[in-house]
Structure formats: structure tokens, C-alpha cells
Asks: 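One structure follows; several queries about it will come next.
Numbers here are sequence positions counted from 1. Keep in mind that what you see is a predicted model, and the values were worked out from it rather than measured.
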Amino acid sequence: MEYRTLGTRLRYLVNDLLRRNPFWQILVLLLVSLAIVTLGMLLVDGHLLVEQTESSFWWSFTRLLDQGTFIGDDSCEPHVTVVGVFITLGGILVLSLLIGIFSSKIAEQLDALKRGKSPIVEKNHYIVCGDGDRLYEVTRELVEARKEGSLKGSIVMFSSRSREEMEEVLVQRLGRKSARRVICRSGDTTDVDSLSLPGFQRCAGFVVIGDDDSEVVKTLVAVNSIQGEAKPVGVCELRDRVRGRIAGMAYQEVKWVPVREIVMRLLVQVGRQPGLSSVYSEILSFRGNEFYLEKSREIEGFDFREISSRISGGIAAGILKNGKLRLNPRQGMIFDTGDSLLVLAENSSSFSFKGKFPEEKAYLFTDGILSHEPLKMLVLSGQSKKFGFMLQLLDDYSDPGAEITVAGSIPLLEGTALLNAIECTNCSRKYVSVERTDPAAMESIHPEKYHSIMVISGKTREMSDEDADSECIISLLILRDIEERFKGQWKATVVSEIRNPRNRRLATAAGIDDFVISNEVCSMIMAQLVIQPELSQVYEEIFDPSGCEIQLRKASLYDAGVFSSIAAQGIARHEVVLGWLTGTGSSSMVCLNPDKNALLPADRHTRIVVIAER
């Protein structure tokens with residue numbers, strides 16, 4: 001049969017040898033070399049000239065290794081010359097194969113290094129694992145944290161993408177100098193063997209990114225299987241809240257972030273108070289002021305009002321007592337041993353408690369409760385069918401009598417059925433089917449009659465982030481055109497969700513009041529949690545309609561003056577003053593944690609940023 005022929009068997013043996021370890025290949029070459037030298041010894045033994053004093057072994061061996069040695073054999077017997085030539089040809093073949101083995105192995109190792117397949121030796125580092133645009137956004141936040149000193153370890157990116165591709169994107173996003181500080185490795189994020197490359201066994205914390213909750217849970221299971229007794233902090237993103245419990249089963253120490261819920265909560269808050277996204281961008285990122293939890297014996301026994309007055313370089317925002325965070329606590333709450341103070345500051349070492357406790361003053365201030373007419377809200381949902389959670393939030397924030405209209409691209413009957421399944425107590429609701437990228441269709445729903453318009457990403461599984469953003473930006477351009485034609489009648493604030501941070505300028509050019517960059521916001525929160533997991537309680541409360549939240553107050557509600565005076569007025573109102581916001585819409589400028597002697601700007605659009613109960 002054909003497979004039994006000598007040629008077939010030789011090809012099989014050679015192929016088997018080439019796929020083996022180079023040690024076996026070199027061993028075979030040594031045996032071949034030994035056979036050539038031995039055969040040469042036997043053929044020339046006793047036929048060498050008297051002048052050739054070397055042994056037949058040395059004669060044969062030198063002609064194998066040095067291809068020029070056989071030139072001196074022209075005075076020998078003819079058959080000795082022929083043997084020398086053939087030994088030399090065999091030596092050329094052996095050395096060529098040996099060089100090929102070494103060069104291919106070196107090339108293979110260099111290729112493995114380029115593809116990011118070599119294990120790292122770092123300890124106490126931070127790993128960002130997964131795929132998608134948020135992989136780079138989380139990494140960028142961790143790089144910023146390392147620059148300012150909030151993070152000490154190295155940063156490792158682990159993805160199914162090639163190392164070269166990851167490094168190229170990092171250079172575009174961070175710049176060449178910052179990109180060099182990130183170690184990139186490539187492999188299957190759900191494979192136990194691959195997860196040893198970035199060193200999950202020795203890391204201080206990790207973040208798992210992914211558009212598929214099942215893949216995220218599989219990664220957590222794989223990571224848990226290679227961890228020792230000391231489990232590092234893990235953070236992951238999920239789209240379905242039900243999967244949060246499963247994620248906890250997969251990895252007990254995980255902090256999971258419901259990304260779509262976070263975006264919807266923030267979009268609703270920004271829709272109620274345009275300009276608020278600038279405040280969140282600074283608080284959630286490492287490029288300005290952020291929250292820190294501090295234990296200090298200096299303030300033990302003091303109540304929250306006294307601590308707020310004594311702190312310098314930061315702003316006291318809450319107390320972590322017995323594992324539970326009290327944001328904007330009552331004035332008489334005492335800071336006891338073992339408690340932690342929530343502080344808004346530039347970094348963990350930029351504040352102290354050396355300030356002097358001022359004399360208590362009585363402040364006269366205007367009541368901050370304003371009466372509003374019931375709002376008419378328009379939600380442009382595109383192809384999305386998951387607007388139920390957002391409508392429940394709008395209902396929670398609204399006064400009785402408010403109206404919500406959802407305008408989407410899905411059929412009328414299907415959209416109405418989805419809307420009727422949502423329980424609302426304060427708002428009436430209606431669904432209309434409209435193509436939001438069609439100017440005529442948008443005009444037919446009369447957006448000029450609404451008080452608030454929210455454009456959410458209608459991304460489906462078939463759409464990329466760029467496709468979803470393009471649809472939102474087209475909708476914003478149409479709204480801007482309608483606003484210009486109904487300038488005297490236009491009363492709506494327009495906010496939009498943008499997925500890709502690189503489309504920030506396009507959203508600004510559309511002239512809207514504010515926007516939320518969903519990928520960036522979620523990445524900021526995950527980067528904060530992997531460094532300070534205790535902050536999860538902060539974000540749970542400020543995004544919850546039933547708790548304390550970040551709000552914007554009219555400056556007229558406070559007596560103008562220096563920041564220390566405004567902060568004291570805030571304490572008297574049971575509010576924590578964080579700073580102020582100037583300008584309007586997406587061009588708002590935020591100033592958090594200003595100097596205590598800084599004067600409140602005279603801009604008529606100035607608003608005070610506070611933490612207060614709703």
C-alpha cells in the first residue's frame with residue numbers, strides 16, 4: 001500500500017522530527033555527523049600520505065566542519081580526494097540544517113514575544129482582561145492613577161487580540177510614553193492555562209471586561225481556579241443584574257458593575273440637571289478630585305460638622321461606620337475608632353485635619369425646594385428594546401402627572417407591549433414608532449413640545465459602537481435643526497448617550513445640553529473599584545433615586561462669599577458642598593474642592609455642586 005512505501009515513511013519520520021523539540025533534531029544531526037566521520041575514517045584508513053600526521057578520525061572530522069580543508073587533498077590518492085569532497089558536502093548539509101534549526105527557534109521565540117505569549121514575572125500588579133473598547137479606557141484610568149500615586153503596581157493588559165494590535169491602540173489613546181508603561185499579553189481569556197501568562201496568581205487586583213455576561217463569568221471561574229488562598233480584588237462588568245449573584249459564586253471577592261443600569265441612572269440625572277456629567281467625569285476619573293476612604297486618629301471623637309470644618313485640602317462627604325457608608329450624615333454623627341472618612345481630594349495625601357474649628361454662625365437661606373410643572377419627556381430609543389429600567393427611573397424622579405413618550409424604531413405593537421409591561425406610578429407613557437434618523441419622521445413627533453429629550457444608544461448585537469454613535473449624532477443634528485426653526489418655542493434640554501469617547505467632539509459640535517459617554521463612565525468606575533473596592537457603596541447610593549445624590553443648586557440659594565462660608569451654609573442645610581459649576585450645557589466648567597478662600601464666581605449661570613438627599 002502507498003503509506004508503506006519507503007518514501008512515505010521517510011517523509012513521515014522527517015515531519016515527526018521537525019515538530020519535536022530542537023534537542024532531538026540536534027541529536028539526530030550529531031548522529032548523522034558521527035556516521036559521516038566514521039565512514040570517512042574507514043574509507044581513508046591506511047591511504048593517507050606520510051606527511052599527513054593526523055589520524056584518520058581528525059582528517060575526516062576537520063573536513064566535515066571546515067569546508068576549505070579538502071583543497072589540500074589534491075596530492076592524495078584519487079579516492080581519498082573523492083571521500084574528502086563528499087565528507088565536505090555532508091558537512092555543508094549538516095551545518096546548514098543546524099543553523100536552520102537555531103534560526104527557526106530564535107524566530108519562533110521572537111514571534112512569541114511579539115504575539116505576547118511569554119509569561120510575566122511581575123507581583124502585586126493590576127490586570128485588565130477582556131475585549132472591547134472599555135479594555136483601553138480602564139487601562140487609561142489605571143495609568144492616570146499610577147501617575148498621581150493612587151496605584152503602585154504595574155499594569156497588565158490581557159486580551160485575545162495580538163500584542164502588536166493592543167500596543168498600537170494604546171499608543172493612539174495614551175501616547176507612546178504612557179503606552180510603554182503597560183505590559184500586553186495575548187491569549188484566551190477563558191482558558192486556565194492562558195490565564196497564567198499575565199500572572200493572575202500574583203496580582204493585587206484585576207478587571208474583567210466583556211460584552212457577553214457568560215464569557216465574563218467563565219473568566220471569573222477560570223481565574224478562581226488558579227488563585228491561592230489570598231484572593232485579590234476582582235471587578236467585572238455585567239449587563240444583566242441577575243448574573244451578579246452568579247458572578248459572586250464564580251469568584252467570591254468580585255465587585256460587579258451593572259454597566260447599562262449605571263449609564264441609564266446617570267443619563268436620567270444628567271437629563272434633569274444638564275452639566276452634571278462634568279462633575280461625574282472629574283469625580284470618577286483620576287485626573288482631578290476623587291473619593292478616598294481615610295482612617296485617622298486625629299478626628300476620633302469629633303462629629304461630622306466639626307470634621308468638615310477642620311479638614312483642609314479636601315472635603316468630608318461621609319463616614320463608613322460598621323461596614324456601612326453614611327453619605328452626607330447627620331451633623332451629630334461621631335467619628336469613632338475603626339471608622340473611615342469619605343473625602344473628596346486630589347489624592348490620598350493632599351488633605352489634613354489641621355484646620356481651625358470656626359465659630360458657629362446662624363445662616364439665613366432660601367428654601368431649595370422649587371415647584372415644577374409636570375414634565376413632558378421624550379426618549380429616543382432607536383432599535384433598543386431595553387428601555388424599561390430607564391422609564392422606571394424617570395418615574396421615580398418625576399412628580400405625579402408627568403408624561404413619557406418613547407420613540408423607537410421597533411414596530412408599534414411590540415413597542416407598546418414592552419411599554420405596558422413597565423409599572424409607572426407618577427407618569428403616563430406612550431410609544432410611537434419613528435425612524436429617528438429621518439428628519440420628516442422626527443418633525444412629526446413635535447420635539448419642540450417636550451421639556452426634556454434623551455437620546456439613548458440603540459445598539460444591537462449586530463451594531464458596533466461607531467454605528468450606534470452615528471445614529472445618535474444624526475438624531476442630535478436633526479434636533480438642532482428643529483430647535484433653530486422653533487427658537488422661540490423650544491424649551492427642551494437635550495442629553496445623549498455616546499459610547500465611544502473619541503466621538504466627544506462630534507457630540508459637542510451637535511450643540512446639545514449635555515451627554516454621557518457610557519464606555520468612559522463605566523471604565524472609570526471599574527478602575528476606581530479595583531483600587532478601592534469599598535467605594536462601591538458610594539456609587540450605589542449616588543446613582544439610587546432613594547438615597548443621597550449629587551445635585552446642582554442655584555447660587556442664589558447661598559450667600560455669595562468664599563468657599564469656606566458656602567460650605568458652612570451647606571452643612572446648615574444638611575448638604576455637603578463639593579464646589580461649583582460655571583457655564584451651560586456641554587461647555588460647563590467644574591471646580592471641585594476649591595481653596596477655602598476661593599470666591600464664588602459672579603457668572604449668572606453658576607451652580608453649587610452638593611451631595612444632598614433627593
Side-chain angles (χ1 to χ4, degrees), residues 105-191 193-212 215-216 219 222-223 232 234-237 285-287 464-466 469 499-504 517 519-520 522-524 526-527 530-531:
K105 190 61 180 177
I106 292 172
E108 181 182 326
Q109 292 299 319
L110 289 175
D111 185 58
L113 291 174
K114 287 182 180 179
R115 291 185 287 112
K117 296 297 183 181
S118 60
I120 69 168
V121 295
E122 300 287 338
K123 292 179 65 178
N124 298 322
H125 54 288
Y126 290 85
I127 302 172
V128 186
C129 170
D131 290 292
D133 192 73
R134 281 182 297 281
L135 182 75
Y136 304 100
E137 293 303 315
V138 174
T139 302
R140 180 172 63 180
E141 290 302 317
L142 293 179
V143 170
E144 291 292 336
R146 188 177 180 184
K147 285 180 181 178
E148 72 157 21
S150 298
L151 183 147
K152 302 298 182 185
S154 300
I155 302 168
V156 178
M157 276 179 60
F158 182 64
S159 174
S160 59
R161 300 182 182 183
S162 69
R163 174 183 174 180
E164 293 172 308
E165 182 183 354
M166 288 188 282
E167 290 180 344
E168 183 180 350
V169 177
L170 282 174
V171 170
Q172 295 174 355
R173 301 283 184 92
L174 309 180
R176 191 168 299 277
K177 184 177 180 180
S178 295
R180 290 198 187 105
R181 300 177 181 176
V182 181
I183 304 168
C184 297
R185 289 295 180 268
S186 178
D188 186 349
T189 58
T190 61
D191 180 68
D193 295 328
S194 295
L195 291 175
S196 62
L197 296 180
F200 273 95
Q201 305 93 321
R202 305 178 301 277
C203 70
F206 63 88
V207 180
V208 180
I209 307 294
D211 291 331
D212 189 339
E215 291 294 314
V216 171
T219 301
V223 171
V235 179
C236 72
E237 63 172 359
S285 74
F286 287 97
R287 288 181 286 276
S464 65
D465 286 352
E466 286 298 324
D469 282 355
R499 302 185 72 91
N500 195 328
R502 288 171 290 178
N503 292 326
R504 184 193 308 268
I517 302 176
N519 284 351
E520 189 175 66
C522 297
S523 301
M524 289 175 179
M526 288 187 283
V530 76
I531 299 174

Asks: Restricting to non-hydrogen atoms, name the atom on Phe200 and the atom on Cys129 that form the minimum distance, rounded to 0.1 Å.
Replies: CZ-CB, 4.0 Å
Asks: Step by step, work out the side-chain contact (heavy atoms from CB on, under 4.5 Å) result for Leu135 and Met157.
Replies: CA-CA 8 Å; Leu135 182 75; Met157 276 179 60; 3.5 Å; yes
Asks: Can you confirm whether the side chains of Asp469 and Asn500 place a donor and an acceptor under 3.5 Å from each other?
Replies: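 Checked: Asp469/Asn500 side chains show no N/O donor-acceptor pair below 3.5 Å.
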Asks: Could you check if a side-chain atom of Glu167 sits within less than 4.5 angstrom of a side-chain atom of Val182, using non-hydrogen atoms only?
Replies: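 Glu167 does not reach Val182 side chain to side chain.
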Asks: Between the side chains of Asp188 and Ser194, does any donor sit under 3.5 Å from an acceptor?
Replies: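 Note: Asp188 and Ser194 side chains miss the donor-acceptor criterion.
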Asks: Taking all atoms of both residues into account, what is the closest heavy-atom pair of Pro232 and Gly205, and its distance?
Replies: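 Residues Pro232 and Gly205, closest heavy atoms: CB-N, 3.9 Å.
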Asks: Return yes when atom NZ of Lys147 has more than 12 non-hydrogen atoms of other residues, nucleotides or ligands closer than 6.0 Å, and no otherwise.
Replies: yes
Asks: To check you understand the geometry: which heavy-atom pair defines the closest contact between Ser196 and Asp193, and what is its length?
Replies: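 Looks like OG-O, 2.6 Å.
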Asks: Keeping the roles fixed (side chain from Asn519, backbone from Arg499), state whether a donor-acceptor pair exists under 3.5 Å.
Replies: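 Flag set: sc Asn519 to bb Arg499 pair under 3.5 Å.
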Asks: For the atom pair CE (Met526) and CD1 (Ile209), what is the distance rounded to the nearest 0.5 Å?
Replies: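 It is 3.5 Å, given to the nearest 0.5 Å.
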Asks: Just do the side-chain contact (heavy atoms from CB on, under 4.5 Å) check on Ser118 and Arg185 with the steps written out, would you?
Replies: CA-CA 8 Å; Ser118 60; Arg185 289 295 180 268; 3.4 Å; yes
Asks: Looking only at heavy atoms, which two atoms of Val156 and Pro198 are closest? And how far apart?
Replies: CG1-CB, 3.9 Å
Asks: Is a donor from one side chain sitting under 3.5 angstrom from an acceptor on the other, for Ser150 and Glu148?
Replies: yes
Asks: Please report the interatomic distance OH(Tyr126) to CZ(Arg146), rounded to the nearest 0.5 Å.
Replies: 11.0 Å
Asks: Report yes or no: does Thr219 contribute a side-chain atom to a donor-acceptor pair with the main-chain N or O of Thr189 at less than 3.5 Å?
Replies: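 Pair found, side chain donor or acceptor close to backbone of Thr189.
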Asks: Kindly indicate, with the supporting measurements, whether the criterion side-chain contact (heavy atoms from CB on, under 4.5 Å) is fulfilled by Met166 and Tyr136.
Replies: CA-CA 9 Å; Met166 288 188 282; Tyr136 304 100; 3.9 Å; yes
Asks: Determine, for Asp133 against Arg173, whether the closest basic-nitrogen to carboxylate-oxygen distance falls under 4.0 angstrom.
Replies: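 Yes, Asp133 and Arg173 are salt-bridged.
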Asks: Output yes when a side-chain donor or acceptor of His125 lies under 3.5 Å from a complementary backbone atom of Gly199, and no otherwise.
Replies: yes
Asks: Could you check whether Arg287 pairs with Glu141 (Lys NZ or Arg NE/NH1/NH2 to Asp/Glu carboxylate O, under 4.0 Å)?
Replies: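 Answer for the salt bridge query: yes.
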Asks: Taking all non-hydrogen atoms of both residues, which atom of Leu195 and which atom of Ala222 are closest, and how far apart?
Replies: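 Smallest interatomic distance, heavy atoms only, reads CD1-CB, 3.2 Å.
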Asks: Drop me the distance from Leu170's CG to Arg181's CZ, to the nearest 0.5 angstrom.
Replies: 13.0 Å
Asks: Kindly compute the distance separating CZ (Arg163) from OG (Ser186), expressed to the nearest 0.5 Å.
Replies: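 Answer rounded to 0.5 Å: 10.5 Å.
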Asks: Nearest 0.5 angstrom please: Arg134 CZ to Glu237 CD, how far?
Replies: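 Rounded to the nearest 0.5 Å, the CZ-CD separation comes to 4.0 Å.
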Asks: Answer yes or no: is there an ion pair linking Arg140 with Glu137, defined by an N-O contact shorter than 4.0 Å?
Replies: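 Glu137 and Arg140: salt-bridged.
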Asks: Can you tell me how far SG of Cys184 sits from CD1 of Ile120, rounded to the nearest 0.5 angstrom?
Replies: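 Those atoms lie 11.0 Å apart.
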Asks: For a quick test of reading the model, state the closest non-hydrogen atom pair linking Ile531 to Leu142 and the distance between them.
Replies: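 Heavy atoms of Ile531 and Leu142 come nearest at CD1-CD2, 4.0 Å.
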